[in-house]
Structure formats: C-alpha cells, structure tokens
Amino acid sequence: QVQLAESGGGLVQAGDSLRLSCAASVGTFNFNMGWFRQAPGKEREFVAAIGWNGGSNVYADSVKGRFTVSRDNAKNTGYLQMTSLKAEDTAVYYCARKLGAVTYNPGLVEQYDYWGQGTQVTVSS
C-alpha cells in the first residue's frame with residue numbers, strides 16, 4: 001500500500017512562485033511519479049512526471065519552462081516547483097505513482113494507481 005500526501009498549496013498572486021511537496025509513506029520511493037491538476041468543472045490534467053531516479057522528466061506544454069519536477073528519494077518526497085504562476089494554473093494538484101515507464105503515456109490517468117488527496121493552488125490575477 002502506497003500513501004501519498006501533497007502539501008504546499010495556497011493562495012498566491014499571478015507571477016508568484018510556489019513549491020508543492022508529495023510525501024510518500026512507503027519503505028522505498030523508487031517508483032516513477034507524476035503530477036496532475038484539476039480545476040472546477042474540468043477533467044484531471046497532466047502536469048509533469050519524473051522517473052524514479054530523477055531523470056526522464058516530462059512536462060505538459062502549458063507548464064514547460066515554468067514548472068520543474070524533482071525528488072529527494074532519501075526523504076521519500078517529490079516536488080513541483082511552480083514559477084510565473086498564472087490564473088489558469090488555479091486547480092487542485094495531485095501526485096500519483098506511475099505504472100510502467102515514465103515516458104509511456106504519462107498524460108493518461110489510467111497509467112497511475114496510487115493518488116494523494118490533493119492540495120489547492122489558487123492564483124489571483
């Protein structure tokens with residue numbers, strides 16, 4: 001059983017930065033993981049994914065160049081550094097464990113099995 005818990009969300013202004021964390025309560029953190037977000041009335045949207053060793057990072061076009069995904073396996077924690085935030089980044093952000101290779105359909109929700117409860121990010125314009 002893998003439990004994931006996101007934190008770090010909040011209310012910020014456009015142009016600000018925010019770092020989200022995803023803590024995994026599991027013995028080994030050597031799995032691929034991804035970040036998604038879901039705005040009210042919209043489907044869950046892929047944001048980024050990272051390989052178990054910190055490599056093979058993948059980003060959605062909408063966040064490329066602004067968001068950076070990373071991880072610290074010694075702390076069983078993944079991170080999503082968000083900069084130059086926009087109002088359209090407002091959503092609940094989720095981390096999840098990726099099944100299979102990180103580059104194999106990373107944008108499909110079905111490629112992930114364990115999810116956190118989410119953390120709200122609100123960007124005011």
Side-chain angles (χ1 to χ4, degrees):
Q1 185 78 9
V2 176
Q3 293 183 326
L4 302 173
E6 302 90 342
S7 61
L11 172 63
V12 297
Q13 294 186 336
D16 284 352
S17 299
L18 204 59
R19 188 179 79 161
L20 305 183
S21 298
C22 173
S25 60
V26 63
T28 56
F29 189 49
N30 59 341
F31 53 82
N32 301 327
M33 63 176 293
W35 288 90
F36 282 72
R37 64 187 181 186
Q38 189 165 19
K42 294 188 177 181
E43 293 185 352
R44 196 161 293 192
E45 173 191 29
F46 171 73
V47 175
I50 184 170
W52 68 271
N53 60 354
S56 302
N57 297 356
V58 183
Y59 296 94
D61 288 343
S62 58
V63 306
K64 201 172 294 183
R66 300 189 299 123
F67 291 11
T68 302
V69 62
S70 63
R71 63 193 298 155
D72 185 341
N73 288 351
K75 296 182 178 179
N76 281 5
T77 302
Y79 304 97
L80 184 67
Q81 178 69 48
M82 305 183 295
T83 64
S84 302
L85 283 163
K86 306 175 182 179
E88 50 263 43
D89 294 320
T90 294
V92 176
Y93 283 72
Y94 301 89
C95 62
R97 188 177 75 167
K98 173 78 170 60
L99 299 169
V102 68
T103 54
Y104 181 74
N105 289 327
L108 292 182
V109 171
E110 293 76 14
Q111 284 292 312
Y112 300 81
D113 55 357
Y114 290 99
W115 295 79
Q117 82 289 346
T119 185
Q120 176 72 48
V121 173
T122 303
V123 184
S124 63
S125 57

Least distance between heavy atoms, Ala91 atom then Ala39 atom: CB-N, 3.8 Å

Do any pairs count as a disulfide bond (SG atoms under 2.5 Å apart) and have a residue in residues 96-125, sequence neighbours left out, and if so which ones? none

Is there a donor-acceptor pair closer than 3.5 Å between any side-chain N or O of Asn57 and the backbone N or O of Ala48? no

Say you draw a straight line from CZ of Arg71 to CG of Leu80; how long is it, rounded to the nearest 0.5 Å? 13.0 Å

Contacts of Gln81 that satisfy side-chain hydrogen bond (donor to acceptor under 3.5 Å, both in side chains) - sequence neighbours left out: none

Residues Val102 and Val58: closest non-hydrogen pair is O-CG2, 4.4 Å

What verdict does the side chain to side chain contact (heavy atoms under 4.5 Å, CB included) test give for Val69 and Phe67, after you've listed the backbone C-alpha separation in whole Å, the side-chain angles of each residue and the deciding distance to 0.1 Å? CA-CA 7 Å; Val69 62; Phe67 291 11; over 6 Å; no

Around atom CD of Gln3, are there more than 12 heavy atoms from other residues, nucleotides or ligands closer than 6.0 Å? no

Contacts of Phe31 meeting ring-ring contact (aromatic ring centres under 6.0 Å, His included) (sequence neighbours excluded), chain-then-number -> Phe29

With a 3.5 Å cut-off and sequence neighbours excluded, list the donor-acceptor pairs that the side chains of residues 7-23 form with protein atoms.
residue : atom : partner : partner atom : Å
Asp16   : OD2  : Gln13   : N            : 3.1

Closest heavy-atom pair, Gln111 versus Asn105, reported as atoms and distance to 0.1 Å, is CG-O, 3.3 Å

By salt bridge (Lys or Arg N to Asp or Glu O under 4.0 Å) - contacts of Glu45 (at least two apart): Arg37

So the disulfide bond (SG atoms under 2.5 Å apart) pairs with at least one residue in residues 36-67 (sequence neighbours excluded) are none

Residues in side-chain contact (heavy atoms from CB on, under 4.5 Å) contact with Ser70, at least two apart in sequence or another chain: Tyr79

Considering only residues two or more places apart or on different chains, which pairs with a residue in residues 1-12 satisfy salt bridge (Lys or Arg N to Asp or Glu O under 4.0 Å)? none

Check for me, please, whether Tyr94 and Met82 land in the same ILVMFWY cluster - side-chain distances under 4.5 Å, paths through other members count. no

Between Lys86 and Asp89, does any NZ, NE, NH1 or NH2 come within less than 4.0 Å of an OD or OE carboxylate oxygen? no

Taking only residues two or more places apart in sequence or in another chain, which ones pass ring-ring contact (aromatic ring centres under 6.0 Å, His included) with Phe36? Phe46, Tyr112, Trp115

Got a sec, which residues hit side-chain hydrogen bond (donor to acceptor under 3.5 Å, both in side chains) with Gln120, two or more places apart in sequence or on another chain? Thr122

Could you identify which residues cluster with Leu108, counting Ile, Leu, Val, Met, Phe, Trp and Tyr as linked when any side-chain heavy atoms lie under 4.5 Å apart, either directly or through a chain of such contacts? none

Cluster check Val63, Val109: I/L/V/M/F/W/Y, side chain < 4.5 angstrom: no

Begin from the C-alpha positions of Arg66 and Tyr59 and carry the test side chain to side chain contact (heavy atoms under 4.5 Å, CB included) through to its verdict. CA-CA 10 Å; Arg66 300 189 299 123; Tyr59 296 94; over 6 Å; no

Give a yes or no answer on whether the side chain of Lys98 reaches the backbone of Ile50 with a donor-acceptor pair at less than 3.5 Å. no

Contacts of Asp113 meeting salt bridge (Lys or Arg N to Asp or Glu O under 4.0 Å) (sequence neighbours excluded), chain-then-number -> Arg97

Quick one: OG on Ser125 to CG on Leu85, what's the gap to the nearest 0.5 Å? 12.5 Å

Where do Tyr114 and Val2 come nearest, in terms of heavy atoms and distance? CD2-O, 3.3 Å

